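Reading through the structure tokens given below for one structure.
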2 protein chains.
Amino acid sequence: MMQTDEQAFLQHYDKTAYDTPLVTVDPVLFTYHEGQLNVLLVQRSGHPDRQMWGLPGGFVDLQRDATLEDTALRKLREKTGVEPPYLEQLHTFGNATRDKRSWSVTVCYTALIAHQECAAHIATVTDVRWVSMAQLATLPLAFDHGMIIEHARARLRQKALYSIVPAYALPEKFTLPELQQLHEALLGKPLQKKSFRRRIEQAELLIDTGEKRMDSGGRPAALYRMGKESGAYTFVRNLEA
Amino acid sequence: MMQTDEQAFLQHYDKTAYDTPLVTVDPVLFTYHEGQLNVLLVQRSGHPDRQMWGLPGGFVDLQRDATLEDTALRKLREKTGVEPPYLEQLHTFGNATRDKRSWSVTVCYTALIAHQECAAHIATVTDVRWVSMAQLATLPLAFDHGMIIEHARARLRQKALYSIVPAYALPEKFTLPELQQLHEALLGKPLQKKSFRRRIEQAELLIDTGEKRMDSGGRPAALYRMGKESGAYTFVRNLEA
DNA sequence: TGAATAGTGTCTGTGAGACAATATGCC
DNA sequence: GGCATATTGTCTCACAGACACTATTCA
């Protein structure tokens with residue numbers, strides 16, 4: 001059977017003939033713990049920017065990763081031992097100077113997870129830790145990762161205005177006051193209890209587990225969990241910025 | 001002067017030692033013309049998918065492009081002769097199978113421009129043309145570009161609900177009925193004149209040029225142009241989806 | 001004057017903001 | 001009961017939807 005032009009082309013195609021940027025994937029994994037938004041950072045063991053703290057990312061592995069999401073999830077598994085319930089592409093940063101080695105492109109993701117989900121795994125190592133947003137400025141950050149984290153935080157803040165996506169940074173079961181506190185932390189301002197609850201109830205986003213949490217010394221709060229499509233839901237009317 | 005560890009590392013770093021994906025940038029350039037949303041397509045002259053129609057993108061040129069945006073703008077200039085007034089990153093698609101040559105990553109952008117801005121340049125060539133959304137299905141599309149265009153259209157549709165970004169697909173001066181028709185085309189349903197005008201007026205997004213357009217056989221419509229930050233403005237309350 | 005299109009007046013309904021009032025646990 | 005926190009009642013206000021009405025051009 002005769003070969004087509006394209007088959008001949010592909011057989012002789014030498015992709016090393018083109019100069020191509022380095023390609024990494026960098027997930028920004030957030031969690032909410034003790035009133036603070038935290039981001040997962042890793043201390044770099046190799047050059048460049050050795051010893052500095054950076055995102056838990058790395059190069060795409062053409063053999064093991066079928067997609068960019070695979071790379072993101074693989075790196076997160078390596079550092080946390082688990083996969084996050086929320087992963088969404090954030091932005092791709094690429095230019096000639098962000099990596100000293102070469103023209104470099106990083107495809108960034110925002111990921112959210114409950115603090116306790118990775119607590120056990122992280123406790124076993126010293127080069128992976130949660131860093132609160134307030135602490136961030138005190139650490140030496142690799143590459144442009146500080147800017148990327150800020151970008152991710154700003155986007156999550158926006159989502160707090162028109163969705164309940166931040167809930168994925170809480171445990172599977174959580175109370176409405178907890179979720180509201182998280183949103184308040186993201187927005188940097190208090191919210192009206194009534195407004196916050198009303199919109200979530202009307203959209204039927206959360207499922208009442210029937211359980212109550214009674215640690216905090218007052219009336220017990222109802223424990224909810226996320227509904228099936230609740231992460232994808234967007235309110236038609238936003239909270240005030 | 002003594003070399004640091006990192007300097008030594010960088011001097012001996014051989015980036016060809018790593019297997020890296022191909023990196024392209026693919027802008028989805030839309031315009032609005034004669035009641036239709038149109039997308040700019042290019043007939044491919046080389047393999048793979050030769051003769052098929054695709055987005056006006058290409059490889060990052062490590063020498064000429066300082067950033068990914070540079071690549072996007074360079075490719076658009078090559079095909080249209082001009083730069084669009086709106087360019088925003090859309091999404092990055094990357095997997096092992098989308099390009100027959102290799103694991104491939106494409107950083108996609110949504111761009112908007114007035115139809116007449118590139119009319120002159122496009123008229124001189126046969127391998128670049130505007131294709132209406134309705135015509136799209138009739139053309140053989142290269143790679144996964146059909147999916148990417150659909151993704152871009154869906155995002156622009158969303159923006160029509162909470163911003164006036166689509167206005168960049170119109171000429172510099174345009175009327176409110178024209179903008180409303182564009183939004184209606186994107187949303188696939190009629191909108192209330194009053195609501196549409198009211199929100200734009202209250203947010204002071206458009207500047208009245210004082211001129212009128214009087215071609216359409218009825219009362220002349222006021223000509224407006226975009227305000228300085230109007231593209232970045234988002235309404236707190238969306239139109240109904 | 002009538003057709004065609006642009007632009008306004010105004011009513012209704014929804015839902016966020018504000019904040020007071022009530023409920024439910026613990027000691 | 002008193003404290004702390006959760007949950008609800010209810011008023012106001014901004015603004016999108018609906019649709020009738022007026023305004024301005026041309027033939």
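Owing to the predicted nature of the structure, the values given are computational and were not obtained by experimental measurement. So you know, we letter chains A, B, ... as the sequences are listed, proteins then strands, and number each from 1.
Looking at residues two or more places apart in sequence or on another chain, you find a side-chain contact (heavy atoms from CB on, under 4.5 Å) between Lys194(B) and Arg198(B). Here Arg74(A) pairs with Asp65(A), Glu78(A) under the side chain to side chain donor-acceptor pair (under 3.5 Å) rule; sequence neighbours left out. Residues passing the side-chain contact (heavy atoms from CB on, under 4.5 Å) test with Lys193(A), sequence neighbours excluded: Gln180(A). When the side-chain contact (heavy atoms from CB on, under 4.5 Å) test is applied to Ala160(B), the partners found at least two apart in sequence or on another chain are Pro166(B), His183(B), Leu186(B), Leu187(B).
In terms of position along DNA chain C, the nucleotide closest to Lys212(B) lies nearer the 5' end than the nucleotide closest to the other residue of the pair Gly218(A) and Lys212(B).
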Next on the checklist: Base contacts versus sugar-phosphate-only contacts with protein, heavy atoms under 4.0 Å: please encode nucleotides 13-23 of chain C as B, S and - from 5' to 3'.
Outcome noted: BBBBBBB---B
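Using a 4.0 Å cut-off on heavy atoms, the residues of residues 170-185 of chain A that approach DNA chain D are Pro177(A), listed by number.
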Anything under 3.5 Å between a donor and an acceptor, one on a side chain of residues 81-91 of chain A, the other on a protein residue two or more places apart or in another chain? List them.
unit_1   : atom_1 : unit_2    : atom_2 : d
Glu83(A) : OE2    : Arg77(A)  : NH1    : 2.5
Tyr86(A) : OH     : Glu88(A)  : OE1    : 2.6
Glu88(A) : OE1    : Lys159(A) : NZ     : 3.3
Gln89(A) : OE1    : Tyr109(A) : OH     : 3.4
Gln89(A) : OE1    : His91(B)  : NE2    : 3.3
His91(A) : NE2    : Gln89(B)  : OE1    : 3.2

Please list, one pair per line, the donor and acceptor atoms closer than 3.5 Å that link side chains of residues 227-234 of chain A to other protein atoms, with sequence neighbours excluded.
unit_1    : atom_1 : unit_2    : atom_2 : d
Ser230(A) : OG     : Leu205(A) : O      : 2.5
Ser230(A) : OG     : Gly227(A) : N      : 3.0
Ser230(A) : OG     : Gly227(A) : O      : 3.4

Anything under 3.5 Å between a donor and an acceptor, one on a side chain of residues 120-128 of chain B, the other on a protein residue two or more places apart or in another chain? List them.
unit_1    : atom_1 : unit_2    : atom_2 : d
His121(B) : ND1    : Lys79(B)  : O      : 3.4
Thr124(B) : OG1    : His121(B) : O      : 2.6

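Atom CZ in Arg197(A) sits roughly 17 Å away from atom P in dT10(D) (whole-Å rounding). Between the CD1 atom of Ile200(B) and the P atom of dA6(C) there is a distance of 14 Å, rounded to whole Å. A straight line from CD of Glu201(B) to C1' of dC15(D) spans 14 Å, rounded to a whole angstrom.
Nearest to the side-chain atoms of Ala221(A) among the listed nucleotides dT24(C), dA6(D), dT8(D) stands dA6(D).
Within the model, atoms CG of Leu182(B) and CD of Gln36(B) stand 11.5 Å from one another, a figure rounded to the nearest 0.5 Å.
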